[in-house]
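As structure tokens, the structure follows; a few thoughts come after it.
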Protein chains: 2
Amino acid sequence: MSRASDQAYATIRAHLLSGAVKAGEQLTEDQLAQITGVSRTPVREAVRRLEDELVLVRSDTKRLFVADWSRDDIEEMFTLRQMLECHAAERAAKRLTREQIAALEQVNRDLTAAVEQSPPDVVRFLDANRAFHEVIIEAADSPRLGQLLTRLVEAPVVLRTARTYSQSDLRQSARDHDELVAAFAARDPDWARAVMGSHLRRAFHTFAKAVGPRSDGAASDKDGGDA
Amino acid sequence: MSRASDQAYATIRAHLLSGAVKAGEQLTEDQLAQITGVSRTPVREAVRRLEDELVLVRSDTKRLFVADWSRDDIEEMFTLRQMLECHAAERAAKRLTREQIAALEQVNRDLTAAVEQSPPDVVRFLDANRAFHEVIIEAADSPRLGQLLTRLVEAPVVLRTARTYSQSDLRQSARDHDELVAAFAARDPDWARAVMGSHLRRAFHTFAKAVGPRSDGAASDKDGGDA
DNA sequence: TGCGTGGTTATTGTATACAAAACGCGCTCG
DNA sequence: CGAGCGCGTTTTGTATACAATAACCACGCA
């Protein structure tokens, strides 16, 4: 995209990621313009993108806030992501070229290396993880699917990345990726879908655990409901 | 949203819907500003929304065109919509209030009336159809799901509404809705999902038939001017 | 004291002017 | 005759000024 609005987008994201502003806090376009060093026009463009990703939200009267995702929000997001990304895995299994599979292997080697460092290099892990999923989405060859997933995937990362990941979680993630590659290499769409499903569902639980360790000591999850 | 950009959005949509511009044709922001009667700023906002919906697309060098959906594009869209809207139907079946079910019945009565006119009132049909699906999405109580579906649903309508609908197609659609209401009244998520699935898949075929009488048509479309 | 009300400030929305980038055309040069 | 290049024009991108609207605060009145 355009230079300034891209920069604004990246800078605002980085700013949120840095933890400098808390969830629920108000932001103003002027503020963001100052932070990003561009005028309000491209800032508004960037803000729109972040609104689409539900990283930022507007009040009923158009005031701008950092989104505050509840556990339910996160579950919803992971449910949708699972639905779409399982579909993507299935399609990818039928379409991935040998080169793309090799690329996935390479990316996952890098991811594994990042995980096995001590301490694990979380930033590198996240980068590799994103790259991995991007290859799959690319191979799924469904532009709209890719567009929808992009929206879903980025938001929670931005909003919650301050949190810590345990090394065992990261290792399991790497193993999931290995098995996905195996499913792809076998050209088995059902296998790929299944692995992707459990991968994401586990990721949700890992994520949710960190979000709401529920200070109230009683039952961890009341309020069943949803499906 | 804001007054002017909303108006721009609606006006541009109406303009496309009117068939005044053909798929693949170039548009300029200035042009649209003139048409909508507002300045380029809100036009750009509206254009961005339409880009999100893939009604408008930009070339690699940011020039603006009316999207030209291929049959594959349409199939992709319906596949995704089916995936998401089946999920919505399932959730809605568990959540719809008696009032909402009554509303669906009312909407579908209206839809049926529109269909049974001769000639059928297609605009009224489309309105009722949209209202029907909106109630379901609302009841699914999943904001992100709603957001994603909105994007998917609107585009093909805008791009292809010039086409004619056969009365039998419309009637079948009305029957599907009736069965959906029955599934909802029975609070049967599986039934609701199944009906929604067949409803949308049939809709795809109806739609695709009009777009390209055959998928591997010999010489139907030359040079996809896409961008 | 509680609540409405008016004005003041903060914030978003829109218009316009200008800057940058891309397209197209004609011209030159091989 | 054709290919590449320069320049004017078109189109998009950005900054800034201004308008509209919402939040805030203080004040007065019951």
Side-chain angles (χ1 to χ4, degrees), chain A residues 1-16 20-68 147 150, chain B residues 1-16 20-68 143 147 150 223-227:
Chain A
M1 253 206 186
S2 53
R3 193 173 74 264
S5 71
D6 265 345
Q7 179 184 333
Y9 175 80
T11 308
I12 294 169
R13 278 182 63 116
H15 189 242
L16 297 177
V21 290
K22 287 165 291 213
E25 211 166 301
Q26 180 173 0
L27 297 172
T28 71
E29 296 173 356
D30 254 325
Q31 217 174 81
L32 295 175
Q34 276 194 310
I35 290 171
T36 59
V38 300
S39 83
R40 268 183 58 216
T41 308
V43 163
R44 279 174 68 88
E45 191 114 356
V47 164
R48 243 189 86 74
R49 286 170 65 184
L50 292 163
E51 283 182 74
D52 275 347
E53 297 171 3
L54 295 173
V55 169
L56 302 178
V57 296
R58 282 192 188 273
S59 73
D60 48 353
T61 58
K62 316 296 184 187
R63 265 149 177 80
L64 193 64
F65 298 88
V66 181
D68 184 16
Q147 187 191 18
T150 299
Chain B
M1 254 208 182
S2 52
R3 192 174 75 263
S5 69
D6 265 345
Q7 179 185 332
Y9 175 80
T11 309
I12 294 169
R13 278 183 62 118
H15 189 243
L16 296 178
V21 291
K22 287 165 289 211
E25 211 167 302
Q26 181 173 1
L27 297 172
T28 71
E29 296 173 356
D30 254 323
Q31 214 174 85
L32 296 174
Q34 276 194 310
I35 291 170
T36 59
V38 300
S39 83
R40 268 183 57 216
T41 307
V43 164
R44 279 173 68 86
E45 191 114 356
V47 163
R48 266 193 75 81
R49 285 171 67 184
L50 292 163
E51 283 181 74
D52 276 347
E53 297 172 3
L54 295 173
V55 170
L56 301 178
V57 295
R58 281 192 189 273
S59 74
D60 48 353
T61 58
K62 316 297 184 188
R63 264 146 177 82
L64 193 65
F65 298 86
V66 181
D68 184 16
Q147 188 191 18
T150 300
D223 178 303
D226 177 23

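The analysis underlying the following values was restricted to heavy atoms, covering all of them including side chains, and did not include hydrogens, waters or symmetry mates. Below, chain A is the first sequence line, B the second, and so on; all start at residue 1.
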Could you tell me whether the phosphate oxygens of [N], OP1 or OP2, come under 4.0 Å of any side-chain nitrogen or oxygen in [X]?
X	N	result
A:Thr41	D:dT14	no
B:Thr61	D:dT12	no
A:Arg40	D:dT16	no
B:Arg44	D:dG13	yes

Could you check how far CD of B:Glu51 sits from C1' of D:dG13, rounded to whole Å? 13 Å

What is the separation between atom CD on A:Glu45 and atom P on C:dG13, rounded to the nearest whole Å?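 My rounded result for the distance is 14 Å.
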
Side chain to side chain, [X] and [Y], heavy atoms closer than 4.5 Å:
X	Y	value
B:Val55	B:Ile12	no
A:His15	A:Val21	yes
A:Thr28	A:Gln34	no

Set out, in order, the CA-CA distance, both residues' side-chain angles and the distance that settles salt bridge (Lys or Arg N to Asp or Glu O under 4.0 Å) for A:Arg49 and A:Asp6, then state yes or no. CA-CA 10 Å; A:Arg49 286 170 65 184; A:Asp6 265 345; 3.0 Å; yes

Any residue in residues 25-33 of chain A with a heavy atom nearer than 4.0 angstrom to DNA chain D? Just list them by number, or reply none. none

Nearest to the side chain of [X], heavy atoms from C-beta on, is which of [options]?
X	options	result
A:Val38	C:dG13, D:dA15, D:dT12	D:dA15
A:Ala4	C:dT12, D:dT14, D:dG13	D:dT14
A:Ser39	C:dT14, C:dG13, D:dT14	D:dT14

For A:Glu29, check side chain to side chain donor-acceptor pair (under 3.5 Å) against everything at least two apart and list the hits.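 Here the qualifying residues are A:Arg40, A:Arg44, A:Arg58.
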
On DNA chain D, does the nearest nucleotide to A:Pro42 precede the nearest nucleotide to A:Ser59 from the 5' side, or the other way round? Give the residue. A:Pro42

Please list, chain by chain and in numerical order, all residues satisfying side chain to side chain contact (heavy atoms under 4.5 Å, CB included) with A:Thr11, sequence neighbours excluded.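 With neighbours one apart ignored, the set is A:Gln7, A:Ile35, A:Thr36.
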
